[in-house]
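Below: the structure, in structure tokens.
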Amino acid sequence: MGRKQIGLAVLSLLAMAFMWLFIRVGESDRLENYILDEAVYDGIVSGRRECDGELLKEIMFGGESLFYDRMSHTFYYSVPEDDEHGYNPVVTLRKTGGGVKFSVREEGITDELVSSGRKITCMAYNDEAYEPYTLVVTTLPLMSIEAEGYMSDADVQMEMTLFDNRADTRVRSWESAGTISRRGRTTRSYEKTGYKVELSKKLSLLGMRRDDDWVLYAGYNDQEKIRNVFSCNLWKNSCAMNNSFGIDNGVEYRYIELFINGMYEGLYAFGYKIDDKQMGVNAGADNGCIYKKVNYCSEYPVTWTEEGTIQDYEISSRQLSADREAEKWKRLCEFYEGILNHQDDDAWLLESIDLDNSIDMHLFLNLVQGEDNAKGPFTKNMYITARKTEEGGYRYLYTPWDLDITWGNIWVFEEHNYTVPYALTPEDSVIWTSGSLYELLCNGNREVRERYLARYRELRAGAWSEEALLEQLDSFEAQIFDSGAYVRDRERWVNGSYVADETRLSTFKQYVLERLAAMDDYFDRIESGEQDFPPRFSGGEDVD
């Protein structure tokens, strides 16, 4: 075959490809040009039979495929933050044949439509038939997970797709294989559950750290869907780096809307847990270990189990051998026995902890009223990391975790979703009365007390100021409510905990401001000598 014949053949193939694209995809145009008057739209419907799956394969807005809920025949569009035409995107169709058109009934995208969670009625149609759809518009990122089996505590193979609509993202669509499983303890009984996601490759998603191990937080029992995300991000941005090791000792979350196996699952927060790499520990080098406190109990003293572990704790670090695991349990036991045996030894107590980190943890749990984390001498829902020092000993760092029962809410097993909203008043303090820092304060260590009070004033003047916290809450309010995700989540999970639409975060914001004022009054009374601080713990029973 000569060059001329090859050239003609190539042109012929290109022409065929162009015709295929014209027939199968069709011309692109902006959304506003697909909007039809109500009467015209209804007239098209009345003259055609309804069908399912015969006309349309895919819809793309701005060149990106829309997520699709197969159960409700609903397309989901995440508006890119930096797109001036985000509310009027270019629409491209993948059709099953020629003559297929697309139309929207009566309205386009507006701020009111997005925040209200209303769905846009639309359809694909040809001369004989039409396929009805609805279109949902959100301002949050979207994640879709296609799993191979039933969701359980065991890992299930899956494929993850994430659409990142943030203005500063370099990549819009992320994909990875991996596994997914349910996570949580009591919250596993909720109909909307959290998940653990392990990707097959490390990715930096939604501006967070590069990792392969992620969590999906459901927020089912939090009426405003704010407490865990706000509290974790607050610790991350104000306290996480305040330690002698220079470790980023915190986690963060980003709000998304989630689909699993083609079904819309609602509003979730996507984040991660602390791990060995972040905390700078290595099982092989034996330079530390991460422990997780999972149930309430006092550390005066700790309780050994028949399996050789410590009751109510887990080891979160990766393990190498049974011998190494036994060493790590012994190390944690020695820490708590040391506190018990050195209550009056300030030098030992100071060496056992990172003082700045412990002060921050003590102040933070009181600020957020973390009753599910500290209740007098009893602790729960926190990580404790043993880090080897240059001198060869170990110093312990604290990281808060699972902060949904905060800011006035308390946990009551008999109540709806185990949660009583705003059962605490803004004046109720949560004082953690165990550990090395508490003993130092009880001993009247002047330097520690002064650092404790000075750190509170420093935080209140900066990261914990009214302005700083309200700025964060305004941003979260826009994400939760202005996106329409809150309305959709309530429609999906009718038995969850919610507030009225018009309430939004107004009650929560007011509570935060009143809590700050109450904390200021509390510390004023400490400094003036009117407040007995800290209260001395003399013993007690374990709590449930």
Side-chain angles (χ1 to χ4, degrees), residues 227 231 234-235 238-239 242 293 295-300 336 339-340 343 346 349 352-382 384 396-403 405-411 422-460 464 511-512 514-544:
R227 284 167 176 77
S231 299
L234 179 60
W235 170 270
S238 62
C239 301
N242 189 36
K293 188 68 181 295
N295 287 310
Y296 277 128
C297 75
S298 171
E299 286 86 21
Y300 291 86
Y336 285 119
I339 298 174
L340 185 62
Q343 287 178 309
D346 284 11
L349 294 169
S352 68
I353 55 169
D354 186 285
L355 184 59
D356 289 332
N357 166 259
S358 292
I359 288 173
D360 281 356
M361 186 73 165
H362 206 268
L363 293 171
F364 178 79
L365 292 181
N366 191 12
L367 172 70
V368 304
Q369 298 176 311
E371 268 213 343
D372 206 29
N373 307 87
K375 188 174 290 186
F378 307 105
T379 58
K380 181 186 175 187
N381 291 332
M382 63 178 66
I384 305 173
Y396 287 76
L397 290 164
Y398 296 94
T399 310
W401 179 251
D402 195 8
L403 295 163
I405 303 298
T406 51
W407 300 105
N409 285 10
I410 65 171
W411 183 275
Y422 298 113
L424 298 181
T425 72
E427 289 73 31
D428 289 322
S429 288
V430 174
I431 307 299
W432 175 16
T433 59
S434 67
S436 295
L437 173 63
Y438 175 70
E439 297 299 341
L440 286 162
L441 292 169
C442 287
N443 292 343
N445 188 297
R446 182 180 297 275
E447 180 183 354
V448 172
R449 180 184 175 91
E450 289 178 354
R451 285 178 66 173
Y452 185 91
L453 298 176
R455 177 58 173 164
Y456 174 72
R457 299 303 183 189
E458 178 186 3
L459 287 167
R460 280 289 286 119
W464 291 4
Y511 192 94
V512 169
E514 291 178 8
R515 178 70 191 130
L516 290 173
M519 283 279 285
D520 288 345
D521 179 65
Y522 179 75
F523 276 85
D524 287 344
R525 286 185 283 112
I526 290 175
E527 292 181 325
S528 68
E530 299 175 38
Q531 174 71 49
D532 180 23
F533 182 80
R536 185 68 189 179
F537 169 64
S538 59
E541 299 296 326
D542 289 358
V543 297
D544 295 330

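Nothing here was measured: the structure is a model prediction, and the numbers come from that model.
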Met382 versus Thr379, closest heavy-atom pair with distance: CE-CB, 3.9 Å

Any side-chain heavy-atom pair of Tyr522 and Tyr456 under 4.5 Å: no

Residues in salt bridge (charged side-chain N to carboxylate O under 4.0 Å, His left out) contact with Glu427, at least two apart in sequence or another chain: none

Listed partners of Asp372 passing side chain to side chain donor-acceptor pair (under 3.5 Å), at least two apart: Lys380, Asn381

Steps toward side chain to side chain contact (heavy atoms under 4.5 Å, CB included) verdict (Ile384, Leu397): CA-CA 6 Å; Ile384 305 173; Leu397 290 164; over 6 Å; no

For Arg227, side chain to side chain donor-acceptor pair (under 3.5 Å) partners two or more places apart: Asp222, Glu224, Asn409, Tyr422

side-chain contact (heavy atoms from CB on, under 4.5 Å), paired with Thr406, selected from Leu365, Val368, Leu367, Val430: Val368

Smallest separation among heavy atoms of Ile359 and Val448, with atom names: CD1-O, 4.5 Å

Separation between CZ of Phe364 and OG1 of Thr399, rounded to the nearest 0.5 Å: 11.0 Å

Ala517: partners by side chain to side chain contact (heavy atoms under 4.5 Å, CB included), with sequence neighbours left out: none

Qualifying residues under side chain to side chain contact (heavy atoms under 4.5 Å, CB included), relative to Glu458, sequence neighbours excluded: Arg455

Test item: side-chain donor near acceptor, Trp407 and Ser231, under 3.5 Å: yes

Test item: Leu403 and Asn373 side chains (from C-beta on) under 4.5 Å apart, heavy atoms: yes

Which residues share a salt bridge (charged side-chain N to carboxylate O under 4.0 Å, His left out) with Arg460, sequence neighbours left out: Glu466, Asp520

Non-hydrogen atoms of Ser434 and Pro377 that approach each other most closely: OG-O, 3.3 Å

Value rounded to 0.5 Å, distance of SG in Cys239 from CG in Asp356: 10.5 Å

Met519 side, atom CE; Asn366 side, atom CG - distance, nearest 0.5 Å: 4.5 Å

Non-hydrogen atoms of Arg449 and Phe533 that approach each other most closely: NH1-O, 3.5 Å

Nearest-0.5 Å distance, CG of residue Asn242 to CG of residue Asn357: 8.0 Å

Pairwise side-chain contact, Tyr452 with Ile526, heavy-atom cut-off 4.5 Å (strictly under): no

Any residue meeting side chain to side chain donor-acceptor pair (under 3.5 Å) with Asp346, in chain and number order, not counting sequence neighbours: Asn443, Asn445

Test item: His362 side-chain N/O and Trp432 main-chain N/O as donor-acceptor pair under 3.5 Å: yes

Least distance between heavy atoms, Trp235 atom then Pro400 atom: CE2-CD, 3.4 Å

Stepwise side chain to side chain contact (heavy atoms under 4.5 Å, CB included) test for Leu363 and Phe523: CA-CA 11 Å; Leu363 293 171; Phe523 276 85; 3.4 Å; yes

Heavy-atom side-chain contact between Gln531 and Ser429 under 4.5 Å: no

Distance in Å, Leu440 CG paired with Ser358 OG, rounded so as to fall on 0.5 Å steps: 9.0 Å

Closest approach of Ser238 to Leu234 (non-hydrogen atoms, all atoms of both residues): OG-O, 2.6 Å

Sequence-distant partners of Ser352, side chain to side chain contact (heavy atoms under 4.5 Å, CB included), two or more places apart: Phe335, Trp348, Ser436

Expected output: side-chain Tyr511 to main-chain Thr425 donor-acceptor under 3.5 Å: yes

Sequence-distant partners of Asn295, side chain to side chain contact (heavy atoms under 4.5 Å, CB included), two or more places apart: Asp312

Residues in salt bridge (charged side-chain N to carboxylate O under 4.0 Å, His left out) contact with Asp521, at least two apart in sequence or another chain: Arg525

Flag, side chain of Gln369 to backbone of Asp428, donor-acceptor distance under 3.5 Å: yes

Results of ring-ring contact (aromatic ring centres under 6.0 Å, His included) for Trp401 - residues two or more places apart only: Tyr383

Under the salt bridge (charged side-chain N to carboxylate O under 4.0 Å, His left out) test, residues paired with Glu527 that sit two or more places apart: Arg457

